[in-house]
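In what follows, a structure is listed as structure tokens, so that the remarks can point back to it.
We name chains A, B, ... by the order of the sequence lines, and we start the count at 1 in each one. Every value quoted in this text rests on a predicted model; they were computed, and no experiment measured them.
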Protein chains: 2
Amino acid sequence: MALEHAILVSLLEKPGSGYELARRFERSIGYFWTATHQQIYRVLKRMESEGVLAVLEVPQQGRPDKKEYSVAAPGRAVLSQWLHEPIEPESIRHELAVKIRGAAFDDPAALVDEVRRHHQAHSDRLARYLAGELRDFTGPDAPSPLDTGQELQHVVLRGGIAYERMTIAWLDDVLATLRGLAARAGSTAASRDGASSEPSA
Amino acid sequence: MALEHAILVSLLEKPGSGYELARRFERSIGYFWTATHQQIYRVLKRMESEGVLAVLEVPQQGRPDKKEYSVAAPGRAVLSQWLHEPIEPESIRHELAVKIRGAAFDDPAALVDEVRRHHQAHSDRLARYLAGELRDFTGPDAPSPLDTGQELQHVVLRGGIAYERMTIAWLDDVLATLRGLAARAGSTAASRDGASSEPSA
DNA sequence: CTTGCCTATGCAACGAGTTGCATAGAAAGC
DNA sequence: GCTTTCTATGCAACTCGTTGCATAGGCAAG
């Protein structure tokens, strides 16, 4: 139930409405934990009924009223307890990796475009992360001695940057491998190379 | 619904029972897609009823009978179609990252042990991956010209290795950051965190 | 000979997450 | 005037994933 804790962290960093949280989950905290607005509204409601969040109805002009949530005292306790509990190291779920293994039973070359799309998407993400880092942590407009929260946000962002760089390098490796297989399949077209899949169909 | 496709890939690589699949999902394909035996049995049943899998009851001695599943012709079509559909680039879900940001509202030093545990877990995983690579792909006992399936399995494994190495390096960074914060908190114990005048970078 | 582990399959209940849809006022473009 | 976009919240239905439990024979250790 880590969504609950991600919401607590985000609201401690800054109180806000469900809508605002949903937007934060599209950037910032959302780089490491995703959630749709549906999930967020549902969990916010539950957390409020449990007393871990306080809610304040804020009338607005020119736009719908909003419910601003903030962390109540029991919420801090919930977060603190979670922080002291051990969690399991993540197991990644990488759909593209499954596809790549699956390509052995189909045409590997057909994956090239897909891999390139992912390469582009990760390059874009990296660019966004780097821009954010410059803006908030390492650029001339950044606060100069970072406080604890900023230091921790920065190290998490550095993790995201490292992840994207690693992924991009790996996708290059994947593309090179696919190209190598295509060349091999081309030059030895008649031979029974590769495709542990089926001897003959 | 990538579990379905992960199962297709795994059964194409080698037919097997639900139990055997569950074990494969603890290693090999499970490095990139996790599933419990419950999920697997349920999905196998559904896939069989849809005709994408064929099942063969295999009596065994000294142990319970098993149902050996293999991919039927429609299953190959299902996989092939999926391979040609684009998928969204993964969004990671990193609980530890949420914890690290949350630590700003608690004692960051209390996270050190947790981070070290994760460091250890990822080091162990890396060691397993590297052992697997040596055994199956780069060692003296490995098949010398790898076939297509093996090349693709290898590039996926290289991705896992890169991921673990990146993660370990990042966890070192996290530990250094936590230590830095602890030192700062120690040396300026009385002062208010970020507003402090003591720069110790 | 009892306790615990391994193979092997499965049900039931629950919680997490996704998708589609609905509402509703204000602003902005055509 | 019409459509689209943005803010803002929410229901309903569904699928995906987890946890706990149950069964059942064989094997090994104490």
Closest-nucleotide mapping onto DNA chain C: is B/Lys45 or B/Arg23 further toward the 5' terminus? I mean the 5' end.
B/Arg23

Taking only side-chain N and O atoms of B/Tyr41, does any of them lie within less than 4.0 angstrom of OP1 or OP2 on C/dG10?
no

Measure NZ/A/Lys66 against P/D/dG10 and give the value in whole Å, please.
14 Å

Output yes when a side-chain donor or acceptor of B/Arg93 lies under 3.5 Å from a complementary backbone atom of A/Phe32, and no otherwise.
no

Do any N or O atoms from the side chain of B/Thr177 and from the backbone of B/Asp173 form a donor-acceptor pair under 3.5 angstrom?
yes

A/Arg24 CZ to D/dA8 P, in whole Å, measures 12 Å

Which parts of residues 15-22 of chain B get close to DNA chain C, meaning a heavy atom less than 4.0 angstrom away?
B/Ser17, B/Gly18, B/Tyr19

Closest heavy-atom pair and its distance - A/Gly51, A/Pro74
O-CG, 3.5 Å

Measure from CZ on A/Phe25 to P on C/dA16 and round the result to the nearest Å.
14 Å

Are A/His94 and A/Trp170 near enough that their ring centres are under 6.0 Å apart?
yes

With sugar-phosphate taken as primed atoms, P, OP1 and OP2 and all else as base, the protein-contact string of nucleotides 12-21 of chain D at under 4.0 Å (heavy atoms; B, S, -) is -B--SBBBBB

A/Asp65 CG to C/dG25 P, in whole Å, measures 12 Å

Looking at side-chain heavy atoms only, is the closest gap between A/His5 and A/Val78 below 4.5 Å?
yes

Whole Å only: how far is the CD1 atom of B/Ile40 from the C1' atom of C/dT9?
12 Å

Considering only D/dT7, C/dA8, D/dG10, which nucleotide approaches the side chain of A/Lys67 most closely?
D/dG10

Set out, in order, the CA-CA distance, both residues' side-chain angles and the distance that settles side chain to side chain donor-acceptor pair (under 3.5 Å) for B/His84 and A/Asp106, then state yes or no.
CA-CA 10 Å; B/His84 289 270; A/Asp106 202 81; 3.0 Å; yes

I need the CD-P distance between A/Gln60 and C/dA24, as an integer number of Å.
19 Å

Evaluation steps, side chain to side chain donor-acceptor pair (under 3.5 Å), between B/Arg101 and A/Ser28:
CA-CA 11 Å; B/Arg101 278 176 73 146; A/Ser28 182; 3.1 Å; yes

How many angstroms lie between atom CH2 of B/Trp33 and atom OG of A/Ser91, to the nearest 0.5 angstrom?
10.5 Å

Kindly write out the residues that satisfy salt bridge (Lys or Arg N to Asp or Glu O under 4.0 Å) with A/Arg117, not counting sequence neighbours, or none if the list is empty.
A/Glu114

